[in-house]
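This report refers to the structure that appears directly beneath it.
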Amino acid sequence: MIFYMVNICYLVGTAGSGKTMLISSLQQYLKQKGASLTIVNLDPAVRHIPYQADIDIRDYIDFDQLVDEYKLGPNGALIAATDLVADYINDIRENIEELGESSDIVLVDTPGQVELFAYRNASIKITRSFPTDSTLLAFLFDSALVSNISGYLSVNLLATSVQIRLSLPIIHVMSKTDLLKPHQVDEILDWRENPYDAIDQLYGMNREFALKTGQIFEDMGDIPLIPVSSLSGEGLDLLSAQLSRTFSAGEDWSI
Ligand SMILES: Nc1nc2c(ncn2[C@@H]2O[C@H](COP(=O)(O)OP(=O)(O)OP(=O)(O)O)[C@@H](O)[C@H]2O)c(=O)[nH]1
Ligand SMILES: [Mg+2]
């Protein structure tokens, strides 16, 4: 298989975690920094996207037609649409290669439900089309879900599950930080540094389980957790710097 030099970052995360809005904010921010971007929408069911997509899965798959034609319910239709992506993988990959080769970075918006992207074969085939060392997952930790310890630890496990499934390098992004007070953001970052302090605050079976999986949380210490608000723009500089470190060894974005 021939691999093309494409720096590709997939934004993944639970439904409503802010993937689409972050793509939009990053598009504006990185363009101002002089980066050239390719933006890909892989969510066939999205109605409105607030960014300019260069490649859009909706040009290949008509979600509403699928629902009507096969009389599917909402979840069945989402699964069918995601699986249908497999029919267009060669076209999508070729388009990404063509545009991505002359871009500093390709940002990919993924379907709302994380399991659709992470666990169905079509997405696995797409992600495996590109070399691991120029591919990154940015997993969004929705502030609304991770502001308490059990939520934080469970989203960590979900992120780990997705990482295992896709076998790709990963960073974590704490999204919508404008919804939290600064001390709450600091507290979550502290859980990342000192997972056993967080686990100690649990009790009963939750605590036992968290202690048994403690090594996972310890290893998380090596994965950046970057607090970002797409709404206020706070943290976009940190995220941009992280992407730049990953893809251009920290060199300036402009080619
Ligand atoms: N306050 C605040 N709201 C946000 C932020 N980012 C996204 N949202 C809101 O969160 C909701 C979901 O945002 P999206 O960007 O659509 O999230 P998504 O992960 O793409 O959602 P799905 O694709 O439907 O799963 C919307 O109502 C956004 O306006 C943020 O940084 N701050
Ligand atoms: Mg979305």
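Numbers here are sequence positions counted from 1. Computed over heavy atoms, backbone and side chain alike; hydrogens, waters and symmetry mates excluded. Whatever order the structure lists them in is the order used to number ligands and atoms, beginning at 1.
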Side-chain donor-acceptor contact under 3.5 Å, D219 with Q215: yes
Which of the ligand 1 atoms, numbered from 1, are nearer than 4.0 Å to a heavy atom of A15: 25 (O)
Salt-bridge present (D200, R207; N to O < 4.0 Å): yes
Region of L179 that comes within reach of ligand 1 [heavy atoms, distance under 4.0 Å]: side chain
Spatial distance of atom CZ (R58) from atom CG (D43) [nearest 0.5 Å]: 8.0 Å
Those atoms of ligand 1 less than 4.0 Å from some heavy atom in G112: 22 (P), 23 (O), 25 (O)
With N41, the side chain to side chain contact (heavy atoms under 4.5 Å, CB included) member among L107, D109, D54, T110: D109
Trace of the side-chain hydrogen bond (donor to acceptor under 3.5 Å, both in side chains) decision for D178 with S229: CA-CA 6 Å; D178 58 281; S229 164; 2.8 Å; yes
Distance below 2.8 Å from the Mg ion (ligand 2): protein N/O/S atoms: T20 OG1
Atom 26 (C) of ligand 1 protein-contacted, heavy-atom criterion under 4.0 angstrom: no
Within-4.5 Å side-chain heavy-atom neighbours: L116 and I79: yes
Side chains of C9 and F247 in contact at under 4.5 Å (non-hydrogen atoms): yes
Ligand 1 N/O within reach of T20 N/O, cut-off under 3.5 Å: yes
side-chain hydrogen bond (donor to acceptor under 3.5 Å, both in side chains) between E218 and Y196, intermediate numbers included: CA-CA 8 Å; E218 267 188 59; Y196 288 104; 2.9 Å; yes
Of the listed options M21, K176, E234, closest to atom 11 (C) of ligand 1 (non-hydrogen atoms): K176
Numbering as shown, the atoms of ligand 1 that approach S229 to under 4.0 Å (heavy-atom distance): 31 (O)
Parallel, tilted or perpendicular: rings of H172 and F139 (30°, 60°): perpendicular
Polar contact flag, side-chain donor to acceptor under 3.5 angstrom, Y119-S161: yes
N/O separation below 3.5 Å, K19 to ligand 1: yes
Closest protein heavy atom (residue, atom, distance) for atom 32 (N) of ligand 1: D178 OD1, 2.7 Å
Close approach of G16 to ligand 1, heavy atoms, under 4.0 angstrom: yes
Where T20 and P50 come nearest, the two heavy atoms and their spacing: CG2-CD, 3.3 Å
Donor-acceptor under 3.5 Å (K33 side chain, D237 main chain): no
Min N/O separation S17 to ligand 1 under 3.5 Å: yes
Min N/O separation L231 to ligand 1 under 3.5 Å: yes
Nearest non-hydrogen protein atom, atom 31 (O) of ligand 1: S230 N, 2.9 Å
G18 N/O under 3.5 Å from ligand 1 N/O: yes
